[in-house]
Amino acid sequence: MNTPQKKKSRTGLRSAAAAAAAVALACTGLAALPSSANAAADGVVVQYRTSASGASADQVEPWLKVRNSGSTSLPLSSVKVRYYFKADSASAAYRFACSWAVKGCANITGTFGTLASPTATADRYLEIGFTPGAGSLAPGADTGDMQLRFHQASWASLVQSDDYSFGPQRSAYGDWSKVTAHVAGATVWGEAPGGNGPTDPPDPTDPPTDPPADAPKLFDDFNYSSHTDPRINANGWSVRANSGGPGVPGATWAPENVTFASQSGNSVMNLETSTAGTGASTKHTEFLTRSMKFKNGTYASRVKFSDAPRSGPDGDRIVQTFFTINDLKAPMADDYAEYDFEYLPNGGWGEPANILYTTSWETYRPDPWEAVNAHSEVRQSYAGWHDLVVTIDDNQITYYVDGQHFGTHGAAYLPERPMSINFNQWLIDLQGQPSTTPRSYDQQVDYVLHVKDQVLTPSQVNAMVGAYRSAGTTFQDTVPAG
């Protein structure tokens, strides 16, 4: 199966989506966090102002600051802030954007949820979160300006005068208890709209309970001898050899560059991508399931990303991945689906340096380029081994890296059809390193796990993989076809 050629150009999407941040309404039905009006001594204060004070507006503009009023350093990745509002209609969808932030808009996330107990002034909320790149707040420090906004997906005018968290007179920053703050799941500031007391679902790092033992599963420890091992085909995998995108025109997909070796007691798959600066000399690699039979549930893998080539000069715009995908039946077809982990060690798609994306695709059109997706990203090095988990249920898609929440994308991006499971490594173009000196890059994969229709925590994933290895099981596939 070809990975869509669309992946050669994310630039068009990123420029088109920059104003809206491409975060759609997630009608998740999540319950609100506990209602509380804890004092500032609990550790966090939220300040608010608005730059759009009219009863109606094109956009809601909640500008926020978060201050650490406690006595110890506060990792911002543990903080969630909620702004509550009344939807303009039951079917209204919203988009979040960050105009400017001292901490950097790339380190701020915005997702939408639905209150368990709607009130006259609130049935939805915008939840603001922070990536690890936002760092920590020392005691007494604050985030500085976060100039945030959201609007209807249709850009229709919206009414904000009936929104719980809206303060039309707030033209300067001040403490605002109608916006709540939560640290590691506990409410530490503000008061939610009345009747919204139940807690969120358990954090993914909570101690696991055993998932149902009879859930259909795919597990593969990649215990193969070479790319020609007949067990690869027997176990439902394909080593790509056909031509086509994504990536450098004229490149080939080289099965012989997919190899297997023992490492620390486990068999590890290596994807090698090489080039000498021309399309003809460029060899990409991909390993994928032949069947598209995977949909909701948990997907997990342990992957080693690399920042530098194994040999030769550095600088190529390479993409290292773990993803699920199905085929695009027609441009903008609404039954397309794709869920990506993509690491770019040397940048690309307009990014100057290393960045990790998680992206949930609804659909796209290759020419002229148009895409509907949501993405989360962190701009830092991810060289080394990482545990990657993505879960898909009937409400949302949630990504984790090394047991930590990385991003959540809403119901608009859920899959309509089953998908394949894929790993590949390829070059976006040859502009990052113009040298004709040969060089090669490695991406390694330890295992892959899929549990059908079950949402596992990262700790449950680790326990399940450990159980397979303790039992000496290197492969199992009980996921039914179709």
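These numbers come from a predicted model, not from an experiment.
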Task: Approximate separation, where rounding is to 0.5 Å, of Lys86 NZ and Ser161 OG - done: 12.5 Å

- [ ] For Tyr400 and Pro458, indicate whether the former's side chain and the latter's backbone hold a donor-acceptor pair under 3.5 Å.
- [x] no

- [ ] Consider only side-chain N and O atoms of Arg290 and Asn233, and report whether a donor and an acceptor are under 3.5 Å apart.
- [x] yes

Task: Any donor-acceptor pair under 3.5 Å from Thr321 side chain to Phe323 backbone - done: no

TODO: Give a yes or no on whether a salt bridge exists between Arg82 and Glu127, defined as a side-chain N under 4.0 angstrom from a carboxylate O.
DONE: yes

Open item on the list: Any non-hydrogen side-chain atom of Ile108 less than 4.5 Å from a side-chain atom of Met146?
Closed with: yes

TODO: Ignoring hydrogens and angles, state whether a donor on the side chain of Tyr343 or Asp307 is under 3.5 Å from an acceptor on the partner side chain.
DONE: yes

Task: Any residue meeting side-chain hydrogen bond (donor to acceptor under 3.5 Å, both in side chains) with Asn235, in chain and number order, not counting sequence neighbours - done: Tyr224

Task: Exam field: side chain Asp429 to backbone Gln431, donor-acceptor pair closer than 3.5 Å - done: yes

- [ ] Determine whether Leu388 and Val401 make a side-chain contact, defined as any pair of heavy atoms from C-beta on separated by less than 4.5 Å.
- [x] yes

Task: Between CG on residue Leu449 and CZ on residue Phe219, distance to nearest 0.5 Å - done: 7.0 Å

Open item on the list: Between Gln476 and Tyr468, is there a side-chain donor-acceptor contact under 3.5 Å, judged purely by atom types and distance?
Closed with: yes

Task: From CA spacing to verdict: side chain to side chain contact (heavy atoms under 4.5 Å, CB included), Leu115, Ser117 - done: CA-CA 5 Å; Leu115 289 180; Ser117 302; 5.9 Å; no

TODO: May I have the step-by-step check of side chain to side chain contact (heavy atoms under 4.5 Å, CB included) for Tyr447 and Asp220, ending in yes or no?
DONE: CA-CA 6 Å; Tyr447 72 85; Asp220 201 330; over 6 Å; no

- [ ] For Phe322 and Phe423, run ring pair (Phe, Tyr, Trp, His ring centres under 6.0 Å): C-alpha distance rounded to whole Å, both residues' side-chain angles, the deciding distance at 0.1 Å, then the answer.
- [x] CA-CA 5 Å; Phe322 166 43; Phe423 300 88; 5.0 Å; yes

Task: Closest non-hydrogen atom pair, Ser157 against Ser56 - done: OG-CB, 4.0 Å

Task: Check: Lys293 side chain, Val479 main-chain N or O, donor-acceptor pair, under 3.5 Å - done: yes

Task: Backbone N/O of Ser165 and side chain of Asp163: donor-acceptor pair under 3.5 Å - done: no

Task: Check against side chain to side chain contact (heavy atoms under 4.5 Å, CB included), Phe287 and Val448 - done: CA-CA 12 Å; Phe287 192 85; Val448 68; over 6 Å; no

Open item on the list: Test your reading of the model: is there a side-chain donor-acceptor pair from Asn346 to the backbone of Ile318, 3.5 Å cut-off?
Closed with: no

- [ ] Compute whether any side-chain donor of one residue and acceptor of the other, for Thr408 and Gln396, lie under 3.5 angstrom apart.
- [x] no

Task: Check: Tyr364 side chain, Leu328 main-chain N or O, donor-acceptor pair, under 3.5 Å - done: no

Open item on the list: Rounded at 0.5 Å granularity, tell me how far CG in Leu218 sits from CG in Asp477.
Closed with: 5.0 Å

TODO: Report the distance from atom CD of Gln320 to atom CG of Leu356, rounding to the nearest 0.5 Å.
DONE: 10.5 Å

Open item on the list: Less than 4.5 Å apart, side chain to side chain, heavy atoms only: is that true for Glu362 and Tyr336?
Closed with: no

TODO: Evaluate the side-chain proximity of Val102 to Thr143: yes if any heavy-atom separation is below 4.5 Å, no if none is.
DONE: no

TODO: Say whether, by atom type as modelled, one donor and one acceptor occur between the side chain of Thr298 and the main chain of Leu456 under 3.5 angstrom.
DONE: yes

Open item on the list: On a heavy-atom basis, which atom in Ala192 and which in Tyr84 lie closest, and how many Å separate them?
Closed with: CB-OH, 3.6 Å

TODO: With sequence neighbours excluded, tell me which residues meet side chain to side chain contact (heavy atoms under 4.5 Å, CB included) with Asp446.
DONE: Asp221, Asn266, Val268, Arg302, Trp385, Arg469

Task: Sub-4.5 Å side-chain heavy-atom contact between Asn257 and Thr273 - done: no

Open item on the list: Nearest 0.5 Å, please: how far is CG in Asn107 from CZ in Arg379?
Closed with: 8.0 Å

Task: Under the ring pair (Phe, Tyr, Trp, His ring centres under 6.0 Å) test, residues paired with Trp176 that sit two or more places apart - done: Tyr48

TODO: Give a yes or no on whether the backbone of Val455 and the side-chain of Thr391 come within a donor-acceptor separation of less than 3.5 Å.
DONE: no

Open item on the list: List the residues meeting side-chain hydrogen bond (donor to acceptor under 3.5 Å, both in side chains) with Asp334, not counting sequence neighbours, and say none if there are none.
Closed with: none

Open item on the list: Please tell me whether Glu286 and His284 have a donor and an acceptor in their side chains that are separated by less than 3.5 angstrom.
Closed with: no

TODO: Applying ring pair (Phe, Tyr, Trp, His ring centres under 6.0 Å), name anything that partners His450, two or more places apart in sequence or on another chain.
DONE: Phe294, Tyr299

Open item on the list: Rounded to the nearest 0.5 Å, what separates atom CD in Gln460 from atom CD in Gln454?
Closed with: 9.0 Å

- [ ] Go through Trp189 and Val183 one step at a time and tell me if the side chain to side chain contact (heavy atoms under 4.5 Å, CB included) criterion holds.
- [x] CA-CA 9 Å; Trp189 171 263; Val183 176; over 6 Å; no

Open item on the list: Using the rule given for ring pair (Phe, Tyr, Trp, His ring centres under 6.0 Å), can you reason through Tyr94 versus Phe85, listing the C-alpha separation, both sets of side-chain angles and the distance that settles it, and then say yes or no?
Closed with: CA-CA 11 Å; Tyr94 294 87; Phe85 66 98; 5.1 Å; yes

Task: Test item: Thr180 and Tyr125 side chains (from C-beta on) under 4.5 Å apart, heavy atoms - done: no

TODO: Find out whether Tyr357 and Asp340 are in side-chain contact, i.e. whether some heavy atom of one side chain is under 4.5 Å from a heavy atom of the other.
DONE: no

Task: Exercise: identify the closest heavy-atom pair between Leu148 and Pro62 - done: CB-O, 3.3 Å

TODO: Check whether any side-chain heavy atom of His409 sits under 4.5 Å from a side-chain heavy atom of Tyr399, and report yes or no.
DONE: yes

Task: Minimal non-hydrogen separation, Phe150 against Leu126, with atom names - done: CD2-CD2, 3.7 Å

Task: For Gln160 against Ala57, the heavy-atom pair lying closest together - done: NE2-CB, 3.9 Å

Open item on the list: For Val303, is there any backbone N or O sitting under 3.5 Å from a side-chain donor or acceptor partner on Ser301?
Closed with: no

- [ ] Kindly say whether the aromatic ring centers of Phe305 and Tyr382 come within a distance under 6.0 Å.
- [x] no

Task: salt bridge (charged side-chain N to carboxylate O under 4.0 Å, His left out) against Arg417, all qualifying residues, sequence neighbours excluded - done: Asp327, Asp335

Task: Heavy-atom closest pair, residues Thr478 and Pro216 - done: OG1-CA, 3.3 Å

